Amino acid sequence: MQALGSPEFWVQQLINALGLGSQYALMAVGLAMVFGVMRLINFAHGTVMMASAYIGLLLLQQGVPFPFVALGAIAGAAALGVLMERIAYRPVRGAPDVVLLLNSFAVAVLLENVAILLFSPRSRPFPMPAILTQVFHPGGNLFLPSIHLWALGGALLALGGLGLFVTRTRLGLAMRAAAENPTAAQLLGIEIGKVTVLAFAIGSAMAGLAVLFWTAHVGTINPGMGFEPVLKAFVACVIGGFGTIPGAVLGGYLLGALEIALQGLLPSGVVGYRDALVYGILILILLVRPGGVLGYLEAERV
Amino acid sequence: MDGPAVLELRNVEAAYGAIRALHGLSLTLGPGEVVALLGPNGAGKTTTLRVISGLLRPVRGRVLYRGQEITGRPPAAIARLGIIQCPEGRQIFKNLTVWENLILGGYRLRDPVRERRNLERALSLFPMLKERLRHPAGLLSGGQQQMLAIARALMADPEVLLLDEPSLGLAPRVVEEVFEALAQLKAQGLTMLIVEQNAERALELADRAYVLEAGRLVLADAADRLRENPDLIRIYLGR
């Protein structure tokens, strides 16, 4: 541990904040994309992460090399996202938003219980390769866990790719258009169903990537593990501005920085209340800027 | 009208819930024709466009595109045929740049060559868009947004352009500009169905016009004859 307030301390905090923020950004972006095209806060997003972690574990137990485990977990998450849209959301399209929301809770509870039946409610160790768990000591008292580097690199690549996709490709532009004004988008020949599936696939794949880092952090997985990530993703979206990809990314990094700052600066007796403080600050942000940091509330679409 | 109809409505009845909006409307649109749809608020003009573009499924009646039934098809499928609606209130994508809006206009074509050609044509019609391609469309003025909405629709190389109130809420000078552009499109042979409150302007542009009242057709005639029609003058032109 470095001395509080020393330059070394701040570098350490920055490393930690970027590592954690990258995970939150990856988780939040999927929630934002689905909200964009469907006006749904998909609470089953976290359950997709859980399921993706179990898919990874199953592959690992079959002796599949880790890079393919990672790819399998990501692809599995994407497939599950698409399936979920097809089974739980598409049939009720056009119903009041609350129906979609309730369905997302139903999907979450269902998947969690399926996982309990299949794998028991116990936590299971998820043995990660050393390349993800080793810690570098770049000098002084600094700790540089390789997982932070992986998370940051993975987030930069994935989110950068997503940024190019939504600004440079026909389908990506169509997705943003459909999120902003579905009627006008349809009148140009854009199929809402198609971009919705795409949003679920991409968003869930991002979540699948994030959960690898999350799991490497925690070391174990269990059927209830999706709850905390989806809550964090939700908070990140609210902080940054709901329903936009840049808002979700910014919110993810801000939330990461906030948590790390509180962790590092709070006196040890109060650190246990970190999450309570985070949610308190969330309420303050909502009071001051209801649309989030990047926010504008789209009055006409509320 | 020469040749078969590009678009035809046969006895279309449409409703919003229990409220009837159209009571058996029939109309045709020939190739290269510009037809105006006139009438007071609530006459069913916008409803007619919504039925054609698939946003509203008619209760009864048929919509034919070049003799082929398209009634009840989803809006995206109808747009892909080239029936492009430029909706009321412009409805451009405000968070997207002007350029992105235009590119999306060409979504149905999937053809970079036509996309480039259409972009040139749209920008030559509305040159002020050229200097603003990288701006968020939401920052444009109302008139510029209307021009962008028309330019976006043109990017689709429409077979039929449906225009809903293109002059709504615009300053007179801008209305002038918009109608000049529409006149150029007409000269190029574009088939258009135009809903307009500004009956006088619409009749200057159109070949023919239909007048609706409370969901029923009350008048249909050549535009220049309608301009001299005492009933229409009294009711809609206020002269």
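Treat the numbers as computed from the prediction; the structure is a model and nothing was measured.
More than 12 heavy-atom neighbours from other residues, nucleotides or ligands sit within 6.0 angstrom of CZ on A:Arg90. With a 6.0 Å radius and a threshold of 12 heavy atoms from other residues, nucleotides or ligands, A:Phe165 has its CZ atom above the threshold. Around the CG atom of A:Leu284, the shell of radius 6.0 Å holds more than 12 heavy atoms that belong to other residues, nucleotides or ligands.
Using a 4.5 Å cut-off between non-hydrogen atoms, the part of residues 183-197 of chain A that approaches chain B consists of A:Thr183, A:Ala184, A:Ala185, A:Gln186, A:Leu187, A:Leu188, A:Gly189, A:Ile190, A:Glu191, A:Lys194. Applying a 4.5 Å heavy-atom cutoff, the residues of residues 50-80 of chain B that approach chain A are B:Ser53, B:Leu55, B:Pro75, B:Ala76, B:Ala79, B:Arg80.
The CD atom of A:Glu180 sits 6.0 Å away from the CG atom of B:Leu96 when rounded to the nearest 0.5 Å.
The side chain to side chain contact (heavy atoms under 4.5 Å, CB included) search around A:Phe35 returns A:Arg39, A:Ile41, A:Phe242, not counting sequence neighbours.
Sorted by first and then second residue, the pairs that involve residues 138-157 of chain B and meet salt bridge (Lys or Arg N to Asp or Glu O under 4.0 Å), not counting sequence neighbours, are B:Arg114-B:Asp157, B:Arg117-B:Asp157, B:Arg121-B:Asp157.
Heavy-atom distances place the side chain of B:Ile103, and not its backbone, under 4.5 Å from chain A.
Here B:Glu100 is the residue among B:Gln85, B:Glu100, B:Arg108 with the most heavy-atom pairs under 4.5 Å with chain A.
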